[in-house]
Amino acid sequence: MDTLSDPKADVRRLLDTGMRVYAEEPGLVAYGLDGDGALLDGVLRMPEGGAAARWGDRRMVCCL
């Protein structure tokens, strides 16, 4: 199959274009990504509900 996505590559692509990428803490904990070094450099952590609270200030929101 050549249609499977590569989430890590997709996030890197977003970061490379200058977009900010956030990850909410509860999701990180659920997937075991709450330790140091679990996220790609440039991905920012935020508390639960923090992303949705900022959506009104954004021109575009993408959820991966």
Side-chain angles (χ1 to χ4, degrees):
M1 263 187 150
D2 63 356
T3 58
L4 298 175
S5 66
D6 180 353
K8 189 181 278 191
D10 294 340
V11 170
R12 279 194 181 114
R13 203 170 297 117
L14 290 172
L15 292 168
D16 289 346
T17 63
M19 292 192 156
R20 286 184 227 151
V21 176
Y22 298 95
E24 288 191 354
E25 290 290 341
L28 296 173
V29 171
Y31 287 100
L33 299 172
D34 52 329
D36 290 337
L39 300 178
L40 294 171
D41 288 340
V43 176
L44 307 170
R45 297 173 185 265
M46 67 173 29
E48 182 174 10
R54 294 173 172 234
W55 288 354
D57 299 335
R58 304 289 180 236
R59 183 174 58 91
M60 178 175 52
V61 175
C62 300
C63 297
L64 301 175

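Only this structure's heavy atoms are used, side chains among them; waters, hydrogens and symmetry mates stay out.
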Is Leu15 reachable from Met19 through a run of I, L, V, M, F, W or Y residues, each pair having side-chain heavy atoms under 4.5 Å apart?
yes

When hydrophobic residues are tied together by side-chain contacts of less than 4.5 Å, even through go-betweens, does Tyr31 share a cluster with Tyr22?
no

Hey, could you give me the CG/CZ distance between Leu28 and Arg45, rounded to the nearest 0.5 Å?
5.5 Å

Measure the CZ-CG distance between Arg12 and Asp41 for me, rounded to the nearest 0.5 Å.
9.5 Å

Pro26 side chain near Glu48 side chain, heavy-atom distance below 4.5 Å
yes

Close side-chain approach of Leu44 and Val21, heavy atoms under 4.5 Å
no

Tell me every residue that passes salt bridge (Lys or Arg N to Asp or Glu O under 4.0 Å) with Arg13, counting only those two or more places apart in sequence or in another chain.
Asp10

Who are the salt bridge (Lys or Arg N to Asp or Glu O under 4.0 Å) partners of Arg20, not counting sequence neighbours?
none

Does atom CE of Met46 have more than 12 heavy-atom neighbours, drawn from other residues, nucleotides or ligands, at distances under 6.0 Å?
yes

